[in-house]
Peer 1: 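One structure, as structure tokens, below. Some questions next.
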Amino acid sequence: MQVMMTSTDENDDFTPTAREAFHTDPSLCQSILSIPTVITSVPLQIKSSRISLGSGLFLSSSSSSIESGREIFRSKPFMWAPDRFFSPNICEACGEEDEETTRACSGCQVAKFCGKKCQKLGWQLFHRDECNTLKNIKEMKSQNLLCHRVVWWQQRGFVTNKVGKWVERMESHFRDWTDKEECQEIFDVAMAVREETGGKVNVGFVWDLVPKMRTNCVRLRPATKKESVGFALDLVTATINHSCDPNAFVFWEKGEVRVRSLRKIEAGEEVTICYVDPTIDVATRGEMLEKEHFFTCRCLRCKAEEKEETGWLKAAGGKFIAFRKAQKDIINLTKSAVKASKFPGIYKEYEDLGGIETKLRTIMCSTFPATQWPDIIEPVPLARLCLAILYLDQGKVDHAVRNALKGKLMSRRRSGPEWVNEMMDVIQVLMVAGSLRPDDAIYKQDPTFPTSTYIQTVTYGYMYETCKKAGEIFGGGSEYTKGICDLFAKLMEQRRIVEGATLPGSKEFEREFEEAQGKLMEWAVVPKHYGILI
Ligand SMILES: C[S@@+](CC[C@H](N)C(=O)[O-])C[C@H]1O[C@@H](n2cnc3c(N)ncnc32)[C@H](O)[C@@H]1O
């Protein structure tokens with residue numbers, strides 16, 4: 001849809017000039033890679049991409065390959081803005097989240113800072129230009145706020161020539177974005193900034209900038225969280241192309257974007273990250289990439305998963321359209337249950353988790369009456385993991401354990417940052433289940449529910465494995481890894497004082513773990529081969 005801009009401004013007819021990709025100016029690329037806020041841990045190059053039409057980030061062809069779990073680079077983004085819906089207590093200046101220390105600005109009552117120093121810094125850098133705006137538009141989208149800040153920086157002369165040239169070269173998908181309904185929202189931001197600056201801002205400049213922000217900004221996801229805390233415009237990350245089976249990932253810690261390798265990357269290989277949640281199904285990933293990033297992913301993982309689903313559908317006599325609809329229904333059902341738990345009493349029908357499970361089963365069975373929906377096919381594992389945490393909140397520990405084990409173990413994902421996040425959810429469930437006394441009502445209702453000894457042994461084993469993986473993936477120095485390892489150390493202290501208890505890392509423990517995991521899996525009806533090896 002083409003939304004007409006509702007102004008008479010002469011810049012309304014703005015048409016962007018054709019862009020020149022980053023790599024066509026090698027010295028500019030080199031100077032962006034060397035700016036002091038970017039710390040590269042391995043030699044990098046920006047070259048013509050083999051995946052997309054424009055540029056891409058590559059491990060330098062003259063360097064050696066790097067193993068998985070290496071930092072590639074870290075960077076203080078050129079600009080970032082918080083998402084206050086998911087992170088209401090984030091400090092605008094340093095990016096740290098702390099409910100105790102952050103206080104809202106007395107002017108707008110929206111922006112928060114963790115102390116006087118950050119408030120002063122935030123005021124000087126951007127808040128003086130947006131305090132009034134935020135009073136009126138309290139729920140400004142993170143990406144729009146980001147754009148607002150960049151425009152103001154440009155007005156104040158904080159944007160260097162070099163950065164200006166870089167932004168000019170960014171992919172914008174101008175036509176694709178302005179064909180969308182969001183176009184009016186984009187234009188509103190442009191007009192707000194124009195008004196604030198007394199008409200000094202060139203609307204064409206903003207009009208061009210907003211789609212660029214949307215195309216190039218990166219979601220800020222701390223290691224600990226599933227939701228993003230905001231968006232950033234990071235100059236180097238903006239050169240990285242997408243793959244659903246990426247060799248790198250981005251996370252946000254201490255006000256920095258950190259990019260690390262997920263597997264071995266060869267010298268000269270292009271660095272890729274996943275723009276969407278990699279745990280979702282291939283069709284939904286594809287839809288999101290088309291809708292928000294305007295390309296069709298042709299990675300090997302997409303091809304393999306499409307082939308697998310087609311083969312399985314053929315064998316089951318299932319219909320493709322019905323299957324896709326069922327996948328969407330499962331995602332929507334899960335989202336509704338999560339929403340209902342966040343706002344109790346409002347979406348009552350979705351608070352009954354037993355009812356949700358029945359609906360889930362009905363969708364799974366009615367799509368393929370003659371056969372069974374394989375539990376490993378997304379989004380079923382994801383739905384089960386969500387249900388596990390919701391059941392735990394409702395105190396239904398046995399249902400939480402069953403869904404946690406099925407969702408986690410019967411999933412195709414065996415590595416990556418999401419594997420660690422999900423494992424921490426499972427551990428959270430198991431820690432509660434392992435603390436139940438033998439006379440707990442659960443054992444009366446279901447005498448086959450695994451004993452706390454078995455559950456605790458599995459918890460130690462999973463914790464041990466998660467510690468190792470977190471260190472490999474996020475790095476030993478990351479706050480997240482340290483938090484997981486501290487928790488593990490505390491658990492180990494408790495285990496050490498139990499006489500005769502075996503310790504993770506020993507052969508005896510391995511044997512006990514295998515037996516205990518077997519018992520839990522048998523109870524949860526998870527086939528043996530899905531077990532985790534430690
Ligand atoms: C953040 S930019 C990445 C750098 C970009 N290639 C450039 O030259 O500036 C994101 C854009 O790159 C392109 N892109 C990224 N990954 C892609 C892929 N796997 N296939 C096709 N195009 C891709 C899309 O146009 C996307 O909107």
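Here, residue 1 is the first one in the sequence, and each next residue gets the next number. All figures in this text were calculated on a predicted structure; none of them were measured in a lab. Just so you know, these numbers use all the heavy atoms, side chains as well, and skip hydrogens, waters and symmetry mates. Ligands are counted one by one from 1 in listed order, and the atoms in each one are counted from 1 as well.
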Peer 1: Which bit of L53 is near ligand 1, meaning a heavy atom under 4.0 Å away: side chain, backbone, both or neither?
Peer 2: neither
Peer 1: Is any side-chain N of the basic residue among E479 and K482 closer than 4.0 Å to the acidic one's carboxylate O?
Peer 2: yes
Peer 1: Against W80, only a single residue in W252, F231, F126 fulfils ring-ring contact (aromatic ring centres under 6.0 Å, His included); can you say which?
Peer 2: W252
Peer 1: Relative to the heavy atoms of F22, which atoms of ligand 1 are at a distance of less than 4.0 Å?
Peer 2: 9 (O)
Peer 1: Just to confirm my output: which protein heavy-atom neighbour is closest to atom 15 (C) of ligand 1, and how far is it?
Peer 2: N241 OD1, 2.9 Å
Peer 1: Please report which non-hydrogen protein atom sits nearest to atom 22 (N) of ligand 1, along with the residue it belongs to and the distance in Å to one decimal place.
Peer 2: S52 CB, 3.3 Å
Peer 1: Looking at atom 25 (O) of ligand 1, what's its closest protein heavy atom, distance included?
Peer 2: H173 NE2, 2.8 Å
Peer 1: One residue to check: F294. Relative to ligand 1, which of side chain, backbone, both or neither has a non-hydrogen atom less than 4.0 Å away?
Peer 2: neither
Peer 1: Assess whether a salt bridge exists between K328 and E287, defined as any Lys/Arg side-chain N lying under 4.0 Å from an Asp/Glu carboxylate O.
Peer 2: yes
Peer 1: What I want to find out is whether R258 reaches E253 closely enough, with some N-O distance under 4.0 Å, to be called a salt bridge.
Peer 2: yes
Peer 1: Under a 4.0 Å threshold between the charged nitrogen and the carboxylate oxygen, would R156 count as salt-bridged to D129?
Peer 2: yes
Peer 1: Does an N or O from S55, backbone or side chain, lie closer than 3.5 Å to an N or O of ligand 1?
Peer 2: yes
Peer 1: Regarding K212 and D208, does a basic nitrogen lie under 4.0 Å from an acidic carboxylate oxygen?
Peer 2: yes
Peer 1: What are the atoms of ligand 1, with element, lying closer than 4.0 Å to any heavy atom of I51?
Peer 2: 18 (C), 19 (N), 20 (N), 21 (C)
Peer 1: Give the atom numbers and elements of ligand 1 that come within less than 4.0 Å of a heavy atom of G54.
Peer 2: 8 (O)
Peer 1: What protein heavy atom lies closest to atom 10 (C) of ligand 1? Include the residue and the distance to one decimal.
Peer 2: Y275 OH, 3.3 Å
Peer 1: Flag yes if more than 12 heavy atoms outside R301 fall under 6.0 Å of its CZ atom; otherwise flag no.
Peer 2: yes
Peer 1: For the pair S261 (side chain) and E67 (backbone), establish whether a donor and an acceptor sit closer than 3.5 Å, ignoring hydrogens and angles.
Peer 2: yes
Peer 1: Could you report the tightest heavy-atom contact between P381 and G407, atom names first, then the distance?
Peer 2: CB-O, 3.4 Å
Peer 1: Around atom 16 (N) of ligand 1, find the nearest protein heavy atom and jot down its residue, atom name and distance.
Peer 2: H242 N, 2.9 Å
Peer 1: Have a look at ligand 1 and work out which part of A21, if any, has a heavy atom under 4.0 Å from it: side chain, backbone, both or neither.
Peer 2: neither
Peer 1: Among all protein non-hydrogen atoms, which one is nearest to atom 4 (C) of ligand 1, and what is the separation to 0.1 Å?
Peer 2: A238 O, 3.3 Å
Peer 1: Side chain, backbone, both or neither: which applies to R50 and ligand 1 if a contact is any heavy-atom pair less than 4.0 Å apart?
Peer 2: neither
Peer 1: Identify, by atom number and element, the atoms of ligand 1 in contact range of N216, meaning under 4.0 Å from any of its heavy atoms.
Peer 2: 1 (C), 2 (S)
Peer 1: Under 4.0 Å from any heavy atom of I240, which atoms of ligand 1 are there?
Peer 2: 3 (C)
Peer 1: Are any of the N/O atoms in H293 less than 3.5 Å from those in ligand 1?
Peer 2: yes
Peer 1: Taking atom types as modelled and ignoring hydrogens, do the side chains of S75 and E256 form a donor-acceptor contact shorter than 3.5 angstrom?
Peer 2: no
Peer 1: For atom 24 (C) of ligand 1, find the nearest protein heavy atom and state the residue, atom name and distance (0.1 Å precision).
Peer 2: F295 CD2, 3.5 Å
Peer 1: Could you list the atoms of ligand 1 found under 4.0 angstrom from a heavy atom of T215?
Peer 2: 1 (C), 27 (O)
Peer 1: Between the side chains of E305 and R285, is the shortest nitrogen-to-carboxylate-oxygen separation below 4.0 Å, so that they form an ion pair?
Peer 2: yes
Peer 1: How far is atom 7 (C) of ligand 1 from its nearest protein heavy atom, and which residue and atom name does that atom have?
Peer 2: R19 NH2, 3.3 Å
Peer 1: Which word best sums up how the rings of F294 and W177 line up, parallel for under 30°, tilted for 30 to 60°, or perpendicular for over 60°?
Peer 2: perpendicular
